[in-house]
Amino acid sequence: MPAEVSAGHDDSSGGGLRKVARVVLLDPEDRILLLHGHEPDDPADDWWFTPGGGLEGEETREEAALRELAEETGITEVELGPVLWRRTCSFPFAGRRWDQDEWYFLARTTVTATRATALTELERRSVAGARWWTCQELSQAHETVYPTRLAELLRSLLDEGPPAGPVTLDTEIV
């Protein structure tokens, strides 16, 4: 599930979880933007995931979310909303195991053209593009998507609005 690592910066070496900020980016038609990732040496081992990545230096999760979104999609005109979900996950990628504490921020934009502007070397080898998905397309997708319940989570978000506080999703270990 990997390209989710997104960033050559790794703060997990000190033990504990790598702090990650992800973005649930919606356009005016309520489509969600997902990136298409794959194992660097095996493009057939692929999945879809939300933009985002690890915190750098002293930046906040909000700052990391906006920076990663700009780097991975070129989209800077966003209204960053609340944290929707939190998730702990662990997965193998690019020859090592990643253990992450991910926060998913809601964001809205009117910009739908994407252009990766500052991918890391690892991202250049493992991110194959981006696509806007409707909730229906996502619920019918046969591709692997992370987090795994994203279609259901998006449906709830669109039907009920953001939760009163961040919802803790099930831990995912791949």
What's the shortest heavy-atom distance between [X] and [Y], and which atoms?
X    : Y    : value
P162 : L106 : CG-CD2, 3.8 Å
D170 : R87  : O-CG, 3.9 Å
A141 : W133 : CB-CZ3, 3.6 Å
A70  : T76  : CB-CG2, 3.7 Å
P163 : V167 : CB-CG2, 3.8 Å
F105 : A65  : CD1-CB, 3.9 Å

Return yes if some donor-acceptor pair links the side-chain N/O of [X] with the main-chain N/O of [Y] below 3.5 Å, else return no.
X    : Y    : result
S139 : A151 : no
E39  : A94  : yes
E59  : E56  : yes
Q100 : L17  : no
R86  : W103 : no
T114 : I75  : no

Out of curiosity, does [Y] fall in the hydrophobic cluster containing [X] (side-chain heavy atoms, cut-off under 4.5 Å, transitive links)?
X    : Y    : answer
V127 : F91  : yes
L25  : L84  : no
L34  : L158 : yes
L169 : V145 : yes
L154 : L80  : no

Please report the interatomic distance [atom1]([X]) to [atom2]([Y]), rounded to the nearest 0.5 Å.
X    : Y    : atom1 : atom2 : value
I173 : R97  : CD1   : CZ    : 7.5 Å
E68  : E63  : CD    : CD    : 13.0 Å
F49  : Y146 : CZ    : OH    : 11.5 Å
L33  : R131 : CG    : CZ    : 11.0 Å
T134 : R31  : OG1   : CZ    : 8.5 Å
E72  : R67  : CD    : CZ    : 8.5 Å

#### Entry: Short side-chain donor-acceptor distance under 3.5 Å, T50 and R22
yes
### Message
If we count only N and O atoms by modelled type, under 3.5 Å, do the side chains of T112 and D27 hold a donor and an acceptor together?
### Response
no
### Message
T73 and side chain to side chain contact (heavy atoms under 4.5 Å, CB included): which single residue from L35, V23, V78 fits?
### Response
L35
### Task
May I have the step-by-step check of side-chain hydrogen bond (donor to acceptor under 3.5 Å, both in side chains) for D101 and T88, ending in yes or no?
CA-CA 5 Å; D101 172 26; T88 301; 4.6 Å; no
### Query
What's the verdict on salt bridge (charged side-chain N to carboxylate O under 4.0 Å, His left out) for R155 and D30, showing C-alpha distance, side-chain angles and the deciding distance?
CA-CA 10 Å; R155 174 76 326 191; D30 285 335; over 6 Å; no
### Task
Indicate yes or no: at least one non-hydrogen side-chain atom of T144 is less than 4.5 angstrom from one of D46.
no
### Task
Find out whether L153 and P147 are in side-chain contact, i.e. whether some heavy atom of one side chain is under 4.5 Å from a heavy atom of the other.
yes
### Task
Apply the test side-chain contact (heavy atoms from CB on, under 4.5 Å) to residues I32 and L138: give CA-CA distance (whole Å), side-chain angles for both, the deciding distance (0.1 Å), then the verdict.
CA-CA 9 Å; I32 185 172; L138 199 54; 4.1 Å; yes
### Task
Take the angle between the ring planes of Y104 and W85 and call it parallel below 30°, perpendicular above 60°, tilted in between.
tilted
### Query
In terms of the angle between their ring planes, are H36 and W48 parallel, tilted or perpendicular, with boundaries placed at 30° and 60°?
parallel
### Message
Looking at E79 and R108, is any side-chain nitrogen of the basic one under 4.0 Å from a carboxylate oxygen of the acidic one?
### Response
no
### Pairing of R149 and E152 as salt bridge, 4.0 angstrom limit
yes
### Query
More than 12 heavy atoms of other residues, nucleotides or ligands under 6.0 Å from CD of Q140: is that the case?
yes
### Verdict with reasoning, R115 to T117, per side-chain contact (heavy atoms from CB on, under 4.5 Å)
CA-CA 6 Å; R115 183 174 53 85; T117 60; 3.7 Å; yes
